Amino acid sequence: MARNKLLSMLLLYPISKLYGIGMVVRNKMFDYGVLKQQEFDIPIVVVGNLAMGGTGKTPHVEYIVESLLGKYNIGVLSRGYRRATKGFVLASPQSRPEDIGDESYQIYRKFGPDITVAVCEKRSEGIRQMREINPDLNMIILDDAFQHRYVKPSVSVILTEYNRPIFNDKILPYGRLRESARALNRADIVVVTKCPIDMKPMHYRLFEENLKLFPFQKLYFSRYNYGHLVPIFPEETADIPALDCQKADTAILVITGVANPKPFVRFLRRHKAKVKLKRFTDHHNFTASDMDDITRLFDELSSDNKFIVTTEKDAVRILNNPYFPHRLKRSIFYVPIKVEFIDRGETEFTAGIEKTIRDSRLFKS
């Protein structure tokens with residue numbers, strides 16, 4: 001193990017240093033105006049992270065949408081990671097995950113006609129087209145765009161996961177950071193996500209001391225609130241099991257295709273049922289072979305009371321997957337999640353976004 005770690009450091013650490021230098025040069029070019037940022041006359045809220053995946057961007061975007069929907073006409077724009085299309089695509093009732101990406105599809109299914117959802121690799125072009133289609137838009141949220149600096153944000157919200165904080169990480173490929181932790185200086189708001197229920201005052205102080213934020217930057221802490229099981233195929237499902245009522249002889253096959261399934265699996269294992277995990281890569285597109293494996297694993301569960309549980313993000317891909325076996329449709333459920341803020345953050349987080357928007361406009365004028 002020590003030998004592998006040493007080899008990894010010798011091979012990857014120099015590449016990480018070069019990558020980090022490249023990111024510093026790129027950021028300086030934006031800071032000095034060599035690379036131009038485009039400004040817009042409506043608030044642009046960027047939600048992003050420094051680490052690769054798994055920090056909870058989509059649930060936090062949904063939280064912002066739900067909190068501000070009555071005050072703004074909101075659009076959500078992302079690049080649509082791992083979609084099969086190119087260029088600008090507007091979400092519609094006919095859209096599929098492969099058209100706009102699973103996260104954008106999830107947001108569109110949740111909020112429907114109340115917001116405008118689109119994907120585009122070039123964010124400035126995406127914003128322009130969204131406003132042409134819907135001139136009433138007066139706020140656009142950019143999902144996963146902290147490193148996309150060609151658009152100047154009104155507010156930058158950065159997420160870092162409680163169990164994998166950026167101050168304990170390294171730059172790619174030796175670590176998981178897309179750029180140095182010093183880039184946190186560009187953030188207006190920092191959220192520590194997926195916090196445990198039993199947070200102690202020392203845990204708050206640990207993050208405050210290690211993140212070393214400026215006085216103008218706000219720090220919040222959030223966690224997931226898991227809901228009751230929801231059938232992916234409700235027309236096929238007669239009974240919906242309650243996790244709290246399951247006994248030790250219940251068996252659950254857990255399917256995940258997310259960057260960090262550990263908090264989700266920990267939640268399920270707090271219940272009495274036996275849990276077997278089948279893990280796929282993040283944003284995994286399930287194949288016919290995958291479905292054969294899932295069927296085999298489900299059939300091998302040695303219990304008369306068994307079912308399948310997956311994440312909300314995976315559910316949208318399974319719902320639209322032509323290979324999912326019909327006989328398992330009555331047995332598969334997902335767990336919806338909502339973000340909740342702790343330590344007074346519930347009332348202050350979106351108020352902090354709005355204050356930063358007001359301050360940025362005042363500064364411009």
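We use all heavy atoms of the structure for the numbers below, so side chains are in, but hydrogens, waters and symmetry mates are not. Bear in mind that the values here come from a model prediction, so they are computed numbers and not experimental data.
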Handout entry: Stepwise side-chain contact (heavy atoms from CB on, under 4.5 Å) check, V76 with M130
Key = CA-CA 9 Å; V76 176; M130 289 175 76; 5.9 Å; no
With a 3.5 Å distance limit and no angle check, can you tell me whether [X] reaches the backbone of [Y] through a side-chain donor-acceptor pair?
{"X": "H271", "Y": "F267", "value": "yes"}
{"X": "D169", "Y": "R176", "value": "yes"}
{"X": "D293", "Y": "D290", "value": "no"}
{"X": "T350", "Y": "S67", "value": "no"}
{"X": "N210", "Y": "F207", "value": "no"}
{"X": "R330", "Y": "H326", "value": "no"}
{"X": "R317", "Y": "N285", "value": "no"}
{"X": "N320", "Y": "V316", "value": "yes"}
{"X": "R149", "Y": "D31", "value": "no"}
{"X": "N73", "Y": "D136", "value": "yes"}

Problem - side chain to side chain donor-acceptor pair (under 3.5 Å) partner of E161, the single match among T55, T193, N260 - result: N260
[Y] versus [X], side-chain donor and acceptor atoms under 3.5 Å:
{"X": "T311", "Y": "D314", "result": "yes"}
{"X": "D249", "Y": "S303", "result": "no"}
{"X": "S289", "Y": "D292", "result": "no"}

Closest approach of [X] and [Y], non-hydrogen atoms and distance?
{"X": "I232", "Y": "A315", "result": "CD1-CB, 3.8 Å"}
{"X": "A242", "Y": "Q246", "result": "O-NE2, 2.9 Å"}
{"X": "P43", "Y": "S154", "result": "CA-OG, 3.4 Å"}
{"X": "V45", "Y": "I357", "result": "CG2-CD1, 4.4 Å"}
{"X": "S95", "Y": "Y105", "result": "O-CE1, 3.1 Å"}
{"X": "P231", "Y": "T237", "result": "CB-OG1, 3.5 Å"}

Practice task
For L50 and T160, run side-chain contact (heavy atoms from CB on, under 4.5 Å): C-alpha distance rounded to whole Å, both residues' side-chain angles, the deciding distance at 0.1 Å, then the answer.
Solution key: CA-CA 8 Å; L50 297 184; T160 180; over 6 Å; no
Within a radius of less than 6.0 Å around [atom1] of [X], do more than 12 heavy atoms belonging to other residues, nucleotides or ligands occur?
{"X": "K170", "atom1": "NZ", "answer": "no"}
{"X": "D299", "atom1": "CG", "answer": "yes"}
{"X": "K218", "atom1": "NZ", "answer": "no"}

Problem - Criterion ring pair (Phe, Tyr, Trp, His ring centres under 6.0 Å) on Y174 and Y19, from CA distance to verdict - result: CA-CA 10 Å; Y174 186 56; Y19 178 81; over 10 Å; no
Practice task
Please assess F280 against F286 for the test ring pair (Phe, Tyr, Trp, His ring centres under 6.0 Å), listing each intermediate value before the final yes or no.
Solution key: CA-CA 9 Å; F280 296 91; F286 298 100; 5.1 Å; yes
Electrostatic pair [X]:[Y] at N-O distance under 4.0 angstrom:
{"X": "K313", "Y": "D282", "answer": "yes"}
{"X": "R96", "Y": "D99", "answer": "yes"}
{"X": "R131", "Y": "D41", "answer": "yes"}
{"X": "D188", "Y": "K355", "answer": "no"}

Less than 3.5 Å apart, which donor and acceptor atoms pair up between the side chains of residues 194-206 and the rest of the protein, not counting sequence neighbours?
residue : atom : partner : partner atom : Å
K194    : NZ   : G54     : O            : 2.5
K200    : NZ   : D198    : O            : 3.3
H203    : ND1  : K200    : N            : 3.0

Exercise for the section: Could you point out which residue of E103, E66, E312 forms a salt bridge (charged side-chain N to carboxylate O under 4.0 Å, His left out) with K110? Expected result: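 It is E312; the other options fail the test.
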Exercise for the section: Identify whether NZ of Lys or CZ of Arg in R186 sits under 6.0 Å from the centre of the six-membered ring of F146 and within 45° of that ring's axis. Expected result: yes
Problem - Geometric cation-pi criterion K262 and F264, 6.0 Å radius, 45° cone - result: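 Ring-cation test returns no.
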Can you tell me how far [atom2] of [Y] sits from [atom1] of [X], rounded to the nearest 0.5 angstrom?
{"X": "L142", "Y": "S156", "atom1": "CG", "atom2": "OG", "value": "9.5 Å"}
{"X": "F40", "Y": "I127", "atom1": "CZ", "atom2": "CD1", "value": "4.0 Å"}
{"X": "K86", "Y": "C120", "atom1": "NZ", "atom2": "SG", "value": "11.5 Å"}
{"X": "S302", "Y": "K274", "atom1": "OG", "atom2": "NZ", "value": "7.0 Å"}
{"X": "L137", "Y": "E132", "atom1": "CG", "atom2": "CD", "value": "11.5 Å"}
{"X": "R182", "Y": "I166", "atom1": "CZ", "atom2": "CD1", "value": "11.5 Å"}

Handout entry: ring pair (Phe, Tyr, Trp, His ring centres under 6.0 Å) between F307 and F298, worked out
Key = CA-CA 8 Å; F307 49 92; F298 183 75; 8.9 Å; no
Practice task
Among F341, F111, Y220, find the residue that satisfies the ring pair (Phe, Tyr, Trp, His ring centres under 6.0 Å) test when tested with Y63.
Solution key: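 That would be F341.
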Handout entry: Criterion side-chain contact (heavy atoms from CB on, under 4.5 Å) against E62, the qualifying member of I107, V339, I141
Key =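 Output: one option passes, namely I107.
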Problem - S78: which of D143, V117, D144 passes side-chain contact (heavy atoms from CB on, under 4.5 Å) - result: D143
Practice task
Look at the rings of F216 and F214 and say which category their plane angle falls in: under 30° parallel, 30 to 60° tilted, over 60° perpendicular.
Solution key: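 Aromatic pair F216/F214 classed parallel.
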Exercise for the section: Check whether L77 and I100 end up in the same hydrophobic cluster, where Ile, Leu, Val, Met, Phe, Trp and Tyr are linked by side-chain heavy atoms less than 4.5 Å apart. Expected result: no
Practice task
May I ask whether L301 and L268 are part of the same hydrophobic cluster, defined by side-chain heavy atoms of I, L, V, M, F, W, Y residues being less than 4.5 angstrom apart, directly or through others?
Solution key: no
Handout entry: Step-by-step side-chain contact (heavy atoms from CB on, under 4.5 Å) determination, V309 to L253
Key = CA-CA 6 Å; V309 175; L253 175 62; over 6 Å; no
Exercise for the section: Begin from the C-alpha positions of K71 and E354 and carry the test salt bridge (Lys or Arg N to Asp or Glu O under 4.0 Å) through to its verdict. Expected result: CA-CA 10 Å; K71 298 180 179 181; E354 292 187 279; 3.1 Å; yes
Please tabulate, for side-chain N and O atoms in residues 221-230, each donor-acceptor pair with protein atoms closer than 3.5 Å (sequence neighbours left out).
residue : atom : partner : partner atom : Å
S222    : OG   : H60     : NE2          : 2.9
R223    : NE   : E340    : OE2          : 2.9

Practice task
Verify side-chain contact (heavy atoms from CB on, under 4.5 Å) between R83 and V119, making sure each step is shown before the conclusion.
Solution key: CA-CA 9 Å; R83 60 187 170 117; V119 294; 3.5 Å; yes
Handout entry: E179 side chain reached by N27 side chain, heavy atoms, under 4.5 Å
Key =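 When only atoms from C-beta onward are counted, E179 and N27 do touch, with a gap below 4.5 Å.
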